[in-house]
Amino acid sequence: MSHSSRPLNRQDYKTLTLAALGGALEFYDFIIFVFFAAVVGDLFFPADIPEWLRQMQTFGIFAAGYLARPLGGIIMAHFGDLVGRKKMFTLSILLMAVPTLAMGLLPVYASVGLAAPLLLLLMRILQGAAIGGEVPGAWVFVAEHVPARRTGVACGTLTAGLTVGILLGSVVATLINTSLTPQAIHDGGWRIPFLLGGAFGLLAMYLRRWLQETPVFLEMQQRKALAQELPVKAIVLKHQRAVAVSMLLTWLLSAGIVVVILMSPVWLQKQYGLAPALTLQANSVATVMLCLGCLIAGVAADKYGASRTFIVGSLLLAASSWAFYHLAGSHPEYLFLLYGLVGLCVGVVGAVPYVMVRAFPAAVRFTGISFSYNVSYAIFGGLTPIAVTLLMNVSPMAPAWYVAALSLVGLSLGLWLRKSQGLLTTQEKITA
């Protein structure tokens, strides 16, 4: 039985489990900062500066993580294409775990003055570089391990794992905030989630020792078919169409999660006066459903193809998001149902890596995905909240319009993929 047609075996399941677990813990490490941004701002900046300046500086440090993603991702992908996927896959988790652990041990402004925010900024940049290499690296790693006709379920499982990391951050933040007083959190309780994240990250790195290099990379090594020139140069000069499609898909992925999962709880509180506890509970339901949606999208991509998955998924996303934003406030009894449904439909993004791993030849696959994903994420992940906030001055339903526009992008990409199957590499190319 050929590699492309065999069923998933025990080694495939082990690879998927370890990759998804590591991805979840790494995303937890990256996102936990945002849940404790207020207390970190109080402790790492002078007490006498205006509150707006403190907030701006704190979120500036958070944003630095996003800006570091493209550089870290491209450097790691370069070596991933030249020396091996597994080496970079292990390095990315070490590069995340150590700064997260260090953040939990950093001295505050009252102890070391200006050195405190500068050290915090350095740790955040290292975290950004790590996540820039982790996500594309993980997609390539699992896609090259499993049979080609199981690429969708492998990438969907991994994307669901990354989403679990966001949920884990939310759960830990809730536990800390409910079990400790604000003063106790200020006095040192804020360090616990960072220390936990660093420790879990080191454990995940140890577990990744049991992973094997991908069969695709080993075969390229044997055939001496590794990239002969700078992988990023080949991407920019020879694969512009694949880069453009991958960047648009990343916009769909990043903005869909940012608007529906990260921004909606605050929007519900401000727009409809719903209690923060209620919106956060509904948000947890939506995040769990997003994980399920990623898995369904991956399975659908394997069975029906990327084109149909994006056409149907985007139409469902448009309908469910419109219902959520227009009915959640007037019918709060349906909040959990509506938010869960739109979370499930955002899961169409689980099919994004399915297209991306097939869009680039194996020799430059890691670099191609990393360049497209990280540059696009830095732009759209950073600008989406600003754009939606500005649009809300025009219409309070700005998030609904923005998600409708995203659905149109997803639908257009689905229709384009239907006509242009040439973009996707053949099964032979993905597995050899």
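Note that the structure is predicted; figures quoted are calculated from it, not measured. Every heavy atom of this structure was used, including side-chain atoms; hydrogens, water molecules and symmetry mates were not. For the single chain, residues carry numbers from 1 onward in sequence order.
Screening Y373, Y377, F380 for a ring-ring contact (aromatic ring centres under 6.0 Å, His included) involving W251 leaves a single residue, F380. For the side chain to side chain contact (heavy atoms under 4.5 Å, CB included) with L344, the lone residue among L292, L317, L290 that qualifies is L292. A side chain to side chain contact (heavy atoms under 4.5 Å, CB included) with L327 is found for exactly one of L338, L337, L335, namely L338.
Between Y402 and A255, the shortest heavy-atom contact is CE2-CB, 3.7 Å. Looking at every heavy atom in both residues, A318 comes nearest to S407 through N-OG, 3.3 Å. Closest non-hydrogen pair, I31 versus G169, comes out as CG2-CA, 4.5 Å. When all heavy atoms of M356 and L249 are compared, the closest pair comes out as CG-CD1, 4.3 Å. For S92 against E134, the heavy-atom pair with the smallest separation is OG-OE1, 2.8 Å. The two residues A297 and G347 come nearest to each other via the heavy atoms CB-O, 3.3 Å.
Formation of a donor-acceptor pair under 3.5 Å by the D29 side chain with backbone atoms of T100 is not found in this model. Judged by distance alone, the side chain of N283 and the main-chain N or O of P265 form no donor-acceptor pair under 3.5 Å. Formation of a donor-acceptor pair under 3.5 Å by the R191 side chain with backbone atoms of L106 is found in this model. Checking side-chain atoms of Y28 against main-chain N and O of P193 turns up a donor-acceptor pair under 3.5 Å. Under the 3.5 Å distance criterion, the side-chain polar atoms of W401 are left unmatched by any main-chain donor or acceptor of S395. Proximity of a side-chain donor or acceptor of S314 to a complementary backbone N or O of I311 within less than 3.5 Å is not detected. Not a single donor-acceptor pair under 3.5 Å links the side chain of R358 to the backbone N or O of P353. With hydrogens and angles ignored, the 3.5 Å screen pairs no side-chain donor or acceptor of S170 with any backbone N or O of I166. Looking at S376, its side chain never comes within 3.5 Å of a backbone N or O of T250 through a donor-acceptor pair.
Residue Y334 places its OH atom among 12 or fewer non-hydrogen atoms of other residues, nucleotides or ligands, all under 6.0 Å distant. Within 6.0 Å of the CZ atom in F79, the count of heavy atoms belonging to other residues, nucleotides or ligands does not exceed 12. The number of heavy atoms from other shown groups lying within 6.0 Å of CZ (F45) is above 12. Atom OH of Y272 has more than 12 heavy atoms from other residues, nucleotides or ligands within 6.0 Å.
Rounded to the nearest 0.5 angstrom, L391 CG and T384 OG1 are separated by 10.5 Å. Expressed to the nearest 0.5 Å, how far SG of C291 lies from CD1 of I296 amounts to 11.5 Å. Separation of atoms CD1 (I131) and CE (M96) is listed at 4.0 Å; rounding is to 0.5 Å. Within the model, atoms CD1 of I369 and CZ of F360 stand 7.0 Å from one another, a figure rounded to the nearest 0.5 Å. Put simply, CD on E26 and CZ on F200 are 15.0 Å apart, with the number rounded to the nearest 0.5 Å. Taking OG from S246 and NE2 from H239, the interatomic distance works out to 11.0 Å, rounded to the nearest 0.5 Å.
Stacking of R418 on the aromatic ring of F310 is not recorded, the 6.0 Å distance cut-off and the 45° axial limit not both being met.
Aromatic ring pairs are classed by plane angle as parallel below 30°, tilted from 30° to 60° and perpendicular above 60°; the pair F27 and F30 is tilted.
For Y325 and S264, the side-chain atoms include at least one donor-acceptor pair closer than 3.5 Å. Neither side chain, T309 nor Y354, offers a donor N or O lying under 3.5 Å from an acceptor on the other. Between the side chains of W139 and T159, at least one donor N or O lies within less than 3.5 Å of an accepting N or O.
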Going through the checks in order, is the side-chain hydrogen bond (donor to acceptor under 3.5 Å, both in side chains) test met by T279 and Y339?
CA-CA 9 Å; T279 61; Y339 206 173; over 6 Å; no

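M263 places a side-chain heavy atom less than 4.5 Å from the side chain of T389. Using a 4.5 Å cut-off on side-chain heavy atoms (C-beta onward), L120 and F33 make contact. Between L248 and W416, every side-chain heavy-atom pair lies at or beyond the 4.5 Å cut-off.
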